[in-house]
Amino acid sequence: MDLIPSFQVDHTKILPGVYVSRTDDISGHAATTFDIRMKRPNIDTPITPASMHTIEHVVATFLRNDPEWKNEIIYFGPMGCLTGCYLIVKSAPRPEEIAKLLLRAFQHLASFEGEVPGATAVNCGNYALHDLQQAKIDAAKYVEVLENSPCFEYPKSERIEVDGGRIFYDS
Ligand SMILES: [Zn+2]
């Protein structure tokens with residue numbers, strides 16, 4: 001099987017930021033998947049499952065209620081590697097625009113008080129797996145990234161070839 005494109009990015013060089021992971025054409029309509037990278041892969045301590053679950057609930061709720069963007073949001077959810085999230089939106093906005101939306105969303109989470117939305121047995125598949133305090137800490141760290149110098153382009157200058165499951169980096 002072919003290595004899918006998102007695995008072909010050299011993860012040893014990714015810094016926290018906002019990246020276009022891919023843009024798809026769905027029956028003539030563009031949909032863009034953003035890589036919402038919160039941690040340096042394999043270097044920073046990854047986000048815990050409980051914190052990530054809370055990030056998913058609070059940020060997805062914020063995005064789907066934002067007056068400007070709610071009709072553009074297709075999906076928001078965690079990466080399996082727990083170093084960030086994926087956001088899928090209609091059309092093809094630039095990562096700089098998405099970063100402004102994410103800044104508001106993660107500021108909202110960093111100062112969030114009260115019940116995590118949807119964290120009940122009726123609304124969620126594992127409602128005990130939440131950690132709002134850690135999610136607020138993780139959100140505040142990502143707000144710092146977004147306010148300072150988030151990266152918007154994947155590391156390049158390397159040609160990556162995939163041959164029979166082995167990956168060659170030409171740098
Ligand atoms: Zn849930």
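Just follow the structure's listing: the first ligand is 1, and inside any ligand the first atom is 1. What you see below is based on every heavy atom in this structure, not just the backbone, and it leaves out hydrogens, waters and symmetry mates. Quick note: residue numbers are just sequence positions, from 1. Quantities reported herein were computed from a predicted structural model and do not represent experimental measurements.
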K.L.:
Which donor-acceptor pairs under 3.5 Å do side chains of residues 47-60 form with protein atoms, sequence neighbours excluded?
P.N.:
residue : atom : partner : partner atom : Å
T48     : OG1  : S51     : N            : 3.1
S51     : OG   : A135    : N            : 3.4
S51     : OG   : D138    : OD2          : 2.6
H53     : ND1  : L129    : O            : 2.6
H53     : NE2  : H57     : NE2          : 3.0
T54     : OG1  : A50     : O            : 3.2
T54     : OG1  : H130    : ND1          : 2.8
T54     : OG1  : D131    : N            : 2.9
H57     : ND1  : P117    : O            : 2.8

K.L.:
Have D10 and Y154 got a donor and an acceptor in their side chains that come within less than 3.5 Å?
P.N.:
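No, Y154 and D10 have no side-chain donor paired with an acceptor closer than 3.5 Å.
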K.L.:
Salt bridge between R104 and E68, side-chain N to carboxylate O under 4.0 Å?
P.N.:
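Yes, this pair counts.
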K.L.:
Can you give each donor-acceptor pair under 3.5 Å made by side-chain atoms of residues 85-101, sequence neighbours left out, with the distance rounded to 0.1 Å?
P.N.:
residue : atom : partner : partner atom : Å
K90     : NZ   : N71     : O            : 2.8
E97     : OE2  : R94     : N            : 3.1

K.L.:
What protein N/O/S atoms lie closer than 2.8 Å to the Zn ion (ligand 1)?
P.N.:
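You should have found H53 NE2, H57 NE2, C124 SG.
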K.L.:
Mind checking salt bridge (Lys or Arg N to Asp or Glu O under 4.0 Å) for E113 and listing every partner two or more places apart, or none if nothing turns up?
P.N.:
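Counting only residues at least two positions away or on another chain, E113 forms a salt bridge (Lys or Arg N to Asp or Glu O under 4.0 Å) with K136.
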K.L.:
Would T32 and R22 satisfy side chain to side chain donor-acceptor pair (under 3.5 Å), going step by step from the backbone distance to the final call?
P.N.:
CA-CA 6 Å; T32 305; R22 59 183 293 146; over 6 Å; no
